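Comments concern the structure below.
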Amino acid sequence: MRYFYIIGFCSLLAFDTLAQISFKYASIHALPVTFDIPWLIRVFSHPWIYGAFIGYIGAFFTWMTLLKHAPVGPSFAVSHLELITVTLLSIWLFNEPLTLSKIVGAALIILGVLFLAKQEENDENIKSTA
């Protein structure tokens, strides 16, 4: 079951990251926003919008599958690791700055995931000894 979680959460992370990065690229290629037919054609003529769709759909089905088996608390926390991957890729791909607040935020997300995973492990140990 451990490998199921690892593969599942890595897949969720990949789909979420793909969706966010693709959406950013799609929005860049959609400029200027004019809300007319030529703008819609411009948006849907770039492959990035389809990467966003694939990412969102993949993330949805992966998330639904994980929720059937994994505890909600740690699952919800792990699902936020995408904020870290998107931030790191945005620094590299879009030349966005790495700020102290981003570093602190990433550290807090990782700490939260670790604390919830440890708590879940402790809860399972208590259940197995009872």
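Starting from 1, each residue takes its place in the sequence as its number. Because the structure is a prediction, the values reported are computed rather than measured.
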I need the Thr62 OG1 to Asp16 CG distance, nearest 0.5 Å. 8.5 Å
Which residues satisfy the salt bridge (Lys or Arg N to Asp or Glu O under 4.0 Å) test with Lys102, sequence neighbours excluded? none
From Leu12 CG over to Leu66 CG, what is the distance, rounded to the nearest 0.5 angstrom? 6.0 Å
Are Ile6 and Ile109 connected in a single hydrophobic cluster, I mean Ile/Leu/Val/Met/Phe/Trp/Tyr linked by side-chain heavy atoms less than 4.5 Å apart? no
Separation between CG of Leu81 and CG of Leu13, rounded to the nearest 0.5 Å: 6.0 Å
Which atoms form the tightest heavy-atom contact between Thr17 and Val86, and what is the distance? CA-CG2, 4.0 Å
Check for me, please, whether Val43 and Val33 land in the same ILVMFWY cluster - side-chain distances under 4.5 Å, paths through other members count. yes
Does anything in residues 73-84 form a salt bridge (charged side-chain N to carboxylate O under 4.0 Å, His left out)? List the pairs, not counting sequence neighbours. none
Kindly compute the distance separating OG (Ser90) from CG (Leu83), expressed to the nearest 0.5 Å. 10.5 Å
Spacing of NE2 belonging to His29 relative to OG belonging to Ser27, to within rounding of 0.5 Å: 9.0 Å
Is it the case that over 12 heavy atoms from other parts of the model lie below 6.0 angstrom from the CZ atom of Phe61? no
So do the side chains of Leu89 and Phe94 get within less than 4.5 Å of each other, counting heavy atoms only? no
Between Tyr5 and Leu114, is there a shared hydrophobic cluster once you connect ILVMFWY residues whose side-chain heavy atoms come closer than 4.5 Å? yes
With a 6.0 Å cut-off on the ring centroids, do Phe60 and Phe15 count as close? no
To the nearest 0.5 Å, what is the distance between CG on Leu93 and CD1 on Ile21? 5.5 Å
Is there a path of hydrophobic side-chain contacts, each under 4.5 Å between heavy atoms, that joins Phe23 and Ile57? no
Sidechain-backbone polar pair: Tyr25 side chain, Ala52 backbone, donor-acceptor under 3.5 Å: no
Find out if a path of hydrophobic residues (ILVMFWY) with successive side-chain heavy-atom gaps under 4.5 Å connects Leu100 to Ile91. no
Can you tell me which residue pairs pass the side chain to side chain donor-acceptor pair (under 3.5 Å) test with a partner in residues 31-58, sequence neighbours excluded? Gln20-Tyr56, Thr34-Asp36
Does CG in Leu31 sit with more than 12 non-hydrogen atoms of other residues, nucleotides or ligands closer than 6.0 Å? yes
Do the side chains of Ser22 and Ile49 get nearer than 4.5 Å, heavy atoms only? no
